[in-house]
Amino acid sequence: MISYNPVTDELLGRLAAVVGEAAVSTAEAERQARAKDMSHHAAHLSEAVVWPQTAEQVAAILRLAHEAGVPVTPWGAGSSLEGNPIPLHGGLLLAMERMDRVVAVHPADFQVTVQPGLGYKDLNLRLAPDGLFFAPDPGANASIGGMLANNAAGSRTVKYGATKDNVLAMQVALADGRLIRVGSRSVKQSAGYDLLHLFVGSEGTLGVITEATLKLVPRPAVMSAVVATFPAVAAAIEAVVAIRGTGLDVAALEFVGAETAAVATREAGVDWGERPTVLMEIHAAHSASAELDLALVQQICRELGATGFRATMDPTERQALWHVRHHLFEMLLRAFPGTHWIVLDIAVPISSYPELVAAAESALAAEAMFGSLIGHAGDGNLHVAVAYSDDDGLRRAERINEAVVSQAIALGGTSTGEHGVGIGKRQFMVAEHATAVDVMREIKQTLDPRGILNPGKVLP
Ligand SMILES: Cc1cc2nc3c(=O)[nH]c(=O)nc-3n(C[C@H](O)[C@H](O)[C@H](O)COP(=O)(O)OP(=O)(O)OC[C@H]3O[C@@H](n4cnc5c(N)ncnc54)[C@H](O)[C@@H]3O)c2cc1C
């Protein structure tokens, strides 16, 4: 067990010499504001918040913390769902929000280089005039650094991949204060160990990302959206698998369980009723080919017994649909005031998706709990938001989590498709990775021998 030293006045003085007095704070309000992410995990206060503005400042902060044996927890936008940025052992909270510059846009290469504190939504607003966008879309207003550190994904992963598939190079500050560059701006890279992807998904436990060069994609000419409702989950999932199998340019294939569809119908005025619902986005180069694509999707849905089908190429209607999808969790919060939530995040090979949904439904039934099923079904990722209101409910929700995660691993899947390990999934690491966890520990020991980076996360 590593023991840590407290943040002393002397260390605060040295930090102020690096970043300026105004960029170091021990004020309770600042620490409270960054004591808890969006998860159900308990808040924990850091001892001080530091706001670096440059990579060199991040490196200097880490060097000081390393020498002093003080923990450092990076904080992007705090939108994690597994306690990932909670400063469990106190120490310094490294708030990345002032490192929010676009360093360079390379439109001819479909690339952009950014600082990590930039929000991906802000980045996409900035890129819109160039007809380009950064594809991963976790929904919440996440920072690029937090997305890289969690390997976030979203509804468009089925076409464009997760964050790891959309990054080419990064600058990383190591625990001892060294600054290194990993990856390159070449799309093809084969030189040496893939350190780039070692840091992606490492949740701030191996290094702090100080800059990243991201892949961009051109906006498709025609984007159509489809909503189809089905009499039963099995038919909805069969449609997802069949539509993936057509080879159409499907950019999103999302599943919404019947109870959640009912909430959206009540809260957002959509006409999904109380049926298992599939939301889709399909891209095409021409409206004529988009119409043919939609006709094929409609035929598949009808053959599988769809009770409702609506397709649109109207951009406003499509955006309104995705707005509803991205705000489903907020709608649940409104529909069940005073309730707490655990959000499960499991993923399996797509053929096992119906079994995973069935396992989630039976685990909820066994504990007599309400759970909202929402999934990025096109890539086998399911979320179950389990509602609870007291300690007994929390225990039952945790039992559901354990049952569903175990089933996902047994089906050849993973304990987390996109939210990361944080605090909540550490207990499943050995079941999922067996002795590979020992290798992870050795990597951690090599890169962060004093264990100062985001302690208490990822490794069991
Ligand atoms: C309503 C809602 C919907 C969501 N939907 C999705 C979804 O569809 N897909 C998905 O993937 N996630 C989703 N999330 C979870 C969350 O948005 C993502 O995990 C996101 O990547 C977190 O980014 P952040 O900037 O908020 O990072 P934070 O929560 O601040 O931090 C995340 C992790 O990254 C580390 N970190 C932050 N910055 C750096 C850095 N510069 N260098 C190294 N480590 C760093 C932190 O220490 C922490 O471990 C959702 C969350 C909410 C609230």
Side-chain angles (χ1 to χ4, degrees), residues 33-41 46 52 55 58 61-62 71-88 91-100 114-123 136-157 162-164 167 170-175 199-212 252 254 322 325-333 341 343 345 347 372 374-376 379 381-383 385 416-424 448 453-458:
R34 296 166 186 82
K36 185 170 163 28
D37 59 1
M38 299 295 284
S39 73
H40 64 286
H41 297 288
S46 62
V58 174
I61 294 164
L62 292 186
V72 179
T73 303
W75 180 278
S79 70
S80 285
L81 291 169
E82 278 300 352
N84 323 48
I86 295 177
L88 272 188
L92 301 176
L93 192 295
L94 198 62
M96 304 303 289
E97 66 211 38
R98 295 185 191 169
M99 290 182 67
D100 62 350
V114 299
Q115 288 190 309
L118 182 67
Y120 84 97
K121 290 184 181 174
D122 299 324
L123 173 63
D137 59 335
N141 205 8
S143 70
I144 297 292
M147 289 174 67
L148 287 162
N150 280 357
N151 187 23
S155 49
R156 294 217 180 90
T157 301
T163 306
K164 73 175 166 53
V167 57
M170 297 192 308
Q171 184 189 48
V172 179
L174 300 181
F199 289 104
V200 173
S202 67
E203 301 182 27
T205 64
L206 299 181
V208 178
I209 300 157
T210 51
E211 192 178 283
E254 301 279 293
W322 291 116
R325 164 62 187 89
H326 284 316
H327 290 81
L328 284 175
F329 191 54
E330 282 94 323
M331 285 177 213
L332 286 171
L333 297 182
W341 298 85
V343 184
D345 165 42
S372 157
I374 308 172
H376 308 299
D379 44 56
N381 189 193
L382 178 69
H383 298 307
T416 166
E418 53 182 27
H419 295 168
V421 178
I423 300 167
D448 182 18
L453 285 174
N454 200 4
K457 311 296 167 56
V458 181

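Numbering of residues begins at 1 and proceeds along the displayed sequence. As a basis for the values below, the full set of heavy atoms in this structure was taken, side chains included, without hydrogen atoms, waters or symmetry mates. Counting convention: from 1, in listed order, for ligands and their atoms alike.
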- shortest atom 1 (C) of ligand 1-to-protein heavy-atom contact is with Phe329 CD2, 4.0 Å

- Message: With a 4.0 Å cut-off on heavy atoms, is Gly76 in contact with ligand 1?
- Response: yes

- Note on the structure: With heavy atoms and a 4.0 Å threshold, my read on which part of Val208 contacts ligand 1 is both

- Query: For atom 8 (O) of ligand 1, which of Gly417, Gly201, Pro138 has the closest heavy atom?
  - Reply: Pro138

- Item | Residue pair Glu82 / His40, side-chain donor-acceptor N/O under 3.5 Å | no

- Looking only at protein heavy atoms, what sits closest to atom 52 (C) of ligand 1 is Ala140 CB, 3.6 Å

- Task: Quick one: sort the His383 and His419 rings into parallel, tilted or perpendicular, breaks at 30° and 60°.
- Result: parallel

- Task: With heavy atoms of Gly207 as the reference, note each atom of ligand 1 found under 4.0 Å away.
- Result: 43 (C)

- Looking only at protein heavy atoms, identify the closest one to atom 29 (O) of ligand 1 and say how far it is in Å. Ser80 OG, 2.6 Å

- Message: As an exercise, identify every atom of ligand 1 less than 4.0 angstrom from a heavy atom of Ser143.
- Response: 24 (P), 25 (O)

- Query: Of all the heavy atoms in His376, does at least one lie under 4.0 Å from an atom in ligand 1?
  - Reply: yes

- Item | Residue portion contacting ligand 1 (non-hydrogen atoms closer than 4.0 Å) for Met38 | side chain

- Message: Which of the numbered atoms in ligand 1 are under 4.0 angstrom from any heavy atom belonging to Glu203?
- Response: 47 (O), 49 (O)

- Query: For ligand 1, is there an N or O atom under 3.5 Å from any N or O atom of Pro74?
  - Reply: yes

- Region of Pro85 that comes within reach of ligand 1 [heavy atoms, distance under 4.0 Å]: both

- Task: Please determine which of Val114, Thr210, Ile144 meets the side-chain contact (heavy atoms from CB on, under 4.5 Å) test together with Met99.
- Result: Thr210

- Message: So, regarding Glu330 and ligand 1 (criterion: nitrogen or oxygen to nitrogen or oxygen, under 3.5 Å), is there a contact or not?
- Response: no

- Return yes or no for this condition: an N or O of Ala77 is under 3.5 Å from an N or O of ligand 1. yes

- In terms of side-chain heavy atoms, does Ser80 have a donor or acceptor partner in Asn150 at a distance below 3.5 Å? yes

- Task: Just need the protein heavy atom nearest to atom 23 (O) of ligand 1, so name the residue and atom and give the distance.
- Result: Ala142 CB, 3.4 Å

- Item | Nitrogen or oxygen of Trp75 less than 3.5 angstrom from that of ligand 1 | no

- Item | Distance filter under 4.0 Å to Pro116 heavy atoms, resulting ligand 1 atoms | 41 (N)

- Query: Does a sphere of radius 6.0 Å around CE in Met38 hold more than 12 heavy atoms from other residues, nucleotides or ligands, not counting ones at 6.0 Å or beyond?
  - Reply: no

- Item | Subset of ligand 1 atoms that lie under 4.0 Å from at least one heavy atom of Ala152 | 11 (O), 21 (O)

- Task: List the closest protein heavy-atom neighbour of atom 15 (C) of ligand 1: residue, atom name, distance to the nearest 0.1 Å.
- Result: Ser79 O, 3.4 Å

- Note on the structure: re atom 27 (O) of ligand 1, the protein heavy-atom contact at minimum distance is Gly146 CA, 3.4 Å

- Using distance alone, with no hydrogens and no angle criterion, decide if Gln115 and Asp100 have a side-chain donor and acceptor under 3.5 Å apart. no

- Message: Quiz question: by atom type and distance under 3.5 Å, do the side chains of Ser155 and Glu254 form a donor-acceptor pair?
- Response: no

- Item | Option set Pro136, Gly422, Ala149, Gly119, criterion heavy-atom distance to atom 36 (N) of ligand 1, minimum | Ala149

- Query: For ligand 1, is any non-hydrogen atom under 4.0 Å from Asp37's backbone (N, CA, C, O), its side chain (CB onward), both, or neither?
  - Reply: neither

- Any atoms of ligand 1 less than 4.0 Å from a non-hydrogen atom of Asn454? List them with their elements. 47 (O), 49 (O)

- What residue and heavy atom of the protein are closest to atom 41 (N) of ligand 1, and at what distance? Ile209 O, 3.0 Å

- Message: Please list, in number order, the atoms of ligand 1 under 4.0 Å from a heavy atom of Gly204.
- Response: 43 (C), 44 (N)

- Min side-chain heavy-atom separation Leu62-Val208 under 4.5 Å: yes

- Item | Minimum-distance protein heavy atom relative to atom 50 (C) of ligand 1 | Leu81 CD1, 3.6 Å

- Going by atom types only, do Thr416 and Asp345 share a side-chain donor-acceptor pair under 3.5 Å? yes

- Mind checking whether Val72 and Asn454 have side chains closer than 4.5 Å, heavy atoms only? no

